[in-house]
**Student:** 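One structure follows; several queries about it will come next.
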Amino acid sequence: MTEQLDASRGCDRTHRATIAGFIQPRAATMIRTRFAPSPTGVLHIGSVRTALFCWLYARRHGGQFILRIEDTDRERSTQASVDAILDGMAWLGLRPDEGPFYQTQRFDRYREVIEQWLAEGKAYRCYCTREELEQMRAEAMARGGKPRYDGRYRNGGEPRPGVEPVIRFKNPLDGQVVVDDAVRGTVVFDNAELDDLIIARSDGTPTYNFTVVVDDADMGITHVIRGDDHLNNTPRQINMLQALDAGVPRYAHLPMINGSDGTKLSKRHGAINVLDYREMGFLPEALLNYLVRLGWSHGDQEIFSLEEMIALFDLDEVNAAASSFNFEKLKWVNHQHVMAAEPARLAPLLAEQLRRQGLDPNDGPPLEYTVGALKERGQTLQEIAERGHCYYEEFEAYDEKSAHKHLRTEAAEALRALGEALAAVPDWTEQDTEAAVAGVAERLGLKMGKVAQPLRVALVGQAVSPGIGTTLVLVGRARALTRIERALNYIAAMG
RNA sequence: GCUCCCUUCGUCUAGCGGUUAGGACGCGGCCCUCUCAAGGCUGAAACACGAGUUCGAGUCUCGUAGGGAGCGCCA
């Protein structure tokens, strides 16, 4: 006798209706996804990708995205982690349509199901001690089998004094569970491989695999999109869903994201709080764009706006293989979004970075202008801010190589002429200042490079900056003239 | 150990039985040019291995190897 899934019932039916393109009342086809992090740490790249796919899938199909905080492990769950998750999601714009729901607020409901299952004989009390279980597992291993519970209390058993029992779910003993996964295809598990898992601890609190099932059923989740690491939990969950007499959602198990060296993502790789990416000057949509391409693609397209992601995303195109996080590519993607962004939007972000770097954003050119001039030249707002230092404060010393090459005695004449010409420019604009520089070059019979480069070093302390007219506007007339004087003095001193 | 999953350039990927195996990041070269970027052009760089199915396999099947996950009174 096999425990085959009844694919025509529950959520599966609504899914079929959807893919068949039937137009049904909204409520009947409403797709509901959920992101269910446990607040035992910050929101990192891997979780964000999962949240993104859930959110995208819901948005794409006009469905709802639900946030559920799985905080049943009271030892490890913290409010700080909850806040970090909420803040991270808010920054990314991944707004839930419902929630956050907290599992710790649903204990009564879990209790209710457990009592019911106990009464129906779908669950039972087990009085094994942790020591016994450990021994059981060790012995099973030694015999070459899976370390698992042998079901010794499955058919009843005497309570043991001093042992608070756990509650176990009576998993079917034989037959198979078929998971029809949107990413993996059909995956079959033998019930014989599964044991009777604990659904409530001896202190009465429910455990993960159980609460997930109750919540997914109660919340009407139609699509469970989650990390690959849960694929092995799926058959147990399906069995419990059936015990609940609930429909089975459509599953989609996403591949893992590894570090750049192919090993598990860790701090060293960027498994840091997503909010750290904001501090590093990344745009939320850029991070999302980079992440959406990890495991998903749409032909050769690399850059997606949020709207495009929503319009194009689908589970069918999700890759089954794990991928590696590549910081360089993230930066490139970010740069593409930065270049496409309106300076007005970027300006406050630049101000934030400048302040963080100890500068006064008001002591220099308008931020919109600065960001417009520098956004091609830095991949993150942080880099852009770094390149903008000399427009908001005096630079310390000349870059040695640049000064050696361009601030030589031969340049003094040009610099003096430049000082005079620039002092006389009526309108301090890119065009007019650049014309003044070109004019000096022509009068002295020098190539533009021979004039612009010394001037550039005089203005910013090094041989790299935006176009010379732009640089002059950035520096401003007063500072420009002062800095030309400074360069002249430097040349004189070097003799 | 057992079960499940995965495998195209260094990395992200396209490919859905017939391709000079395409694109992107990164790397090299050239162009543009007042420097640096941006942009354009261009080069090197991949189907893990072995059988089978087929007229034909990166694409289908099965093995092998390698990697990953699960096997908790964690989630």
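The shown structure was predicted, so the numbers you read here are calculated from the model rather than taken from an experiment. Below, chain A is the first sequence line, B the second, and so on; all start at residue 1.
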**Student:** B/C25 and B/G63: how far apart are their C1' atoms, nearest whole angstrom?
**Tutor:** 36 Å
**Student:** Scan A/P466 against the nucleic acid and name what it touches under 4.0 Å (heavy atoms): base, sugar-phosphate only, or nothing.
**Tutor:** base
**Student:** Taking any strand in view, what nucleotide pairs with B/C9 in a Watson-Crick or G-U wobble way, both distances under 3.5 Å?
**Tutor:** none
**Student:** Would you say B/A14 has OP1 or OP2 under 4.0 Å from some side-chain N or O of A/S297?
**Tutor:** yes
**Student:** Suppose you measure atom C1' in B/A48 against the same atom in B/C9; what distance do you get, rounded to whole Å?
**Tutor:** 14 Å
**Student:** Select base, sugar-phosphate, or nothing to describe what A/F189 touches, counting heavy atoms under 4.0 Å on all strands.
**Tutor:** sugar-phosphate
**Student:** So which nucleotide from B/C2, B/U35, B/C25 ends up closest to the side chain of A/K329?
**Tutor:** B/C25
**Student:** When you get a sec, tell me which of B/G72, B/U3, B/C36 is the closest nucleotide to the side chain of A/V464?
**Tutor:** B/C36
**Student:** Nearest-Å distance, CH2 (A/W332) to P (B/C25)?
**Tutor:** 5 Å
**Student:** Among side-chain atoms of A/Y124 and A/D196, is any donor-acceptor pair under 3.5 angstrom?
**Tutor:** yes
**Student:** For the side chain of A/Q379, starting at C-beta, report the closest nucleotide among B/G26, B/C34, B/U13.
**Tutor:** B/G26
**Student:** Looking for any heavy atom pair under 4.0 Å, which part of the strands does A/R184 touch: base, sugar-phosphate only, or nothing?
**Tutor:** sugar-phosphate
**Student:** Nearest to the A/D195 side chain among B/A38, B/A69, B/G72, which nucleotide is it?
**Tutor:** B/G72
**Student:** Base, sugar-phosphate alone, or nothing: which one does A/A321 contact when heavy atoms must sit under 4.0 Å apart?
**Tutor:** sugar-phosphate
**Student:** Assess whether a salt bridge exists between A/R109 and A/E115, defined as any Lys/Arg side-chain N lying under 4.0 Å from an Asp/Glu carboxylate O.
**Tutor:** no
**Student:** Take atom P in B/C62 and the same atom in B/U53, then report the distance between them in whole Å.
**Tutor:** 15 Å
**Student:** In whole Å, measure the gap between the P atoms of B/G1 and B/A57 for me.
**Tutor:** 35 Å
**Student:** From the options B/G72, B/G22, B/G10, select the nucleotide whose nearest atom is closest to the side chain of A/P147.
**Tutor:** B/G72
**Student:** Would you check if there is a donor-acceptor pair between the side chains of A/N171 and A/Y149 at a distance under 3.5 Å?
**Tutor:** no
**Student:** So what does A/G227 touch, heavy atoms closer than 4.0 Å: a base, only the sugar-phosphate, or nothing?
**Tutor:** nothing
**Student:** So for atom CD, which belongs to A/E75, do other residues, nucleotides or ligands contribute more than 12 heavy atoms lying within a distance under 6.0 Å?
**Tutor:** no
**Student:** What nucleotide, of B/C25, B/G23, B/G39, holds the atom closest to the side chain of A/E302?
**Tutor:** B/G23
**Student:** For A/S402 and A/Q462, does a side-chain donor sit closer than 3.5 Å to a side-chain acceptor?
**Tutor:** no
**Student:** Heavy atoms under 4.0 Å, any strand shown: does A/V166 hit a base, just sugar-phosphate, or nothing?
**Tutor:** base
**Student:** Starting from P on B/G72, measure out to CD1 on A/I167 and report it in whole angstrom.
**Tutor:** 18 Å
**Student:** On a whole-Å scale, what distance lies between the C1' atoms belonging to B/U8 and B/A21?
**Tutor:** 8 Å
**Student:** If you measure from the C1' atom in B/U35 to the same atom in B/C27, how many Å do you get, rounded?
**Tutor:** 23 Å
**Student:** Select base, sugar-phosphate, or nothing to describe what A/E434 touches, counting heavy atoms under 4.0 Å on all strands.
**Tutor:** base
**Student:** A/S323 side chain: which of B/U13, B/C5, B/A75 is closest?
**Tutor:** B/U13
**Student:** Work out how far the P atom of B/U11 is from that of B/C16, and round it to whole angstrom.
**Tutor:** 23 Å
**Student:** Is any side-chain nitrogen or oxygen of A/R137 closer than 4.0 Å to OP1 or OP2 of B/C71?
**Tutor:** no
**Student:** Contact class for A/H230 (heavy atom, under 4.0 Å): base, sugar-phosphate, or nothing?
**Tutor:** base
**Student:** Could you work out which one of B/G1, B/A75, B/G26 sits closest to the side chain of A/M141?
**Tutor:** B/G1
**Student:** Return the nucleotide paired to B/U20: Watson-Crick means purine N1 to pyrimidine N3 with N6-O4 or O6-N4, wobble means G-U with N1-O2 and O6-N3, both under 3.5 Å.
**Tutor:** none
**Student:** Are A/N319 and B/A14 close enough that a side-chain N or O sits under 4.0 Å from OP1 or OP2?
**Tutor:** yes
**Student:** Using a 4.0 Å heavy-atom cut-off across all strands, classify A/G449 as base, sugar-phosphate, or nothing.
**Tutor:** sugar-phosphate
**Student:** Round to a whole Å and report the spacing from CD1 of A/I257 to C1' of B/C12.
**Tutor:** 11 Å
**Student:** A/N209 CG to B/C73 P: how many Å, rounded?
**Tutor:** 11 Å
**Student:** Describe the nucleic acid contact of A/C128 in one word from base, sugar-phosphate, nothing, applying a heavy-atom distance below 4.0 Å.
**Tutor:** base
**Student:** If you check the A/L231 side chain, which of B/C4, B/G10, B/U35 turns out closest?
**Tutor:** B/C4
**Student:** Hey, does A/L294 reach any base, or is it just sugar-phosphate, or nothing, if we go heavy atoms under 4.0 Å?
**Tutor:** sugar-phosphate
**Student:** Considering heavy-atom distances to RNA chain B, does A/T129 or A/M256 have its closest nucleotide positioned more toward the 5' end?
**Tutor:** A/M256
**Student:** Scan A/T72 against the nucleic acid and name what it touches under 4.0 Å (heavy atoms): base, sugar-phosphate only, or nothing.
**Tutor:** sugar-phosphate
**Student:** Round to a whole Å and report the spacing from CD1 of A/I45 to C1' of B/C12.
**Tutor:** 14 Å
**Student:** Is B/G28 paired to anything, Watson-Crick or G-U wobble with both distances less than 3.5 Å, and if yes, which nucleotide?
**Tutor:** B/U42
**Student:** For residues A/H253 and A/D228, is any side-chain donor paired with an opposing acceptor at under 3.5 Å?
**Tutor:** no
**Student:** Measure CD/A/Q462 against C1'/B/U35 and give the value in whole Å, please.
**Tutor:** 10 Å
**Student:** State whether A/F395 and A/R486 meet the cation-pi test: NZ (Lys) or CZ (Arg) under 6.0 Å from the six-membered ring centroid, and within 45° of the perpendicular axis.
**Tutor:** yes
**Student:** Mind running ring pair (Phe, Tyr, Trp, His ring centres under 6.0 Å) on A/Y290 and A/F282 for me, showing each step along the way?
**Tutor:** CA-CA 11 Å; A/Y290 174 71; A/F282 287 91; 9.2 Å; no
**Student:** Counting Watson-Crick and G-U wobble pairs only, both distances under 3.5 Å, name the nucleotide matched with B/U33, or none.
**Tutor:** none
**Student:** For B/U61, give its Watson-Crick or G-U wobble partner with both distances under 3.5 Å, or none.
**Tutor:** B/A51
**Student:** Does a side-chain N or O of A/S324 approach OP1 or OP2 of B/G10 to a distance below 4.0 Å, or not?
**Tutor:** no
**Student:** Using the P atoms only, state how far B/U7 lies from B/C12, rounded to an integer number of Å.
**Tutor:** 12 Å
**Student:** Under 4.0 Å, counting only non-hydrogen atoms across every strand here, what does A/D71 touch: a base, just sugar-phosphate, or nothing?
**Tutor:** nothing
**Student:** Could you say whether A/I198 or A/E376 is positioned toward the 5' end of RNA chain B, judged by the nucleotide with the nearest heavy atom to each?
**Tutor:** A/E376
**Student:** Counting Watson-Crick and G-U wobble pairs only, both distances under 3.5 Å, name the nucleotide matched with B/C71, or none.
**Tutor:** B/G1
**Student:** Kindly point out which of B/U35, B/G70, B/A75 is positioned nearest to the side chain of A/K146?
**Tutor:** B/G70
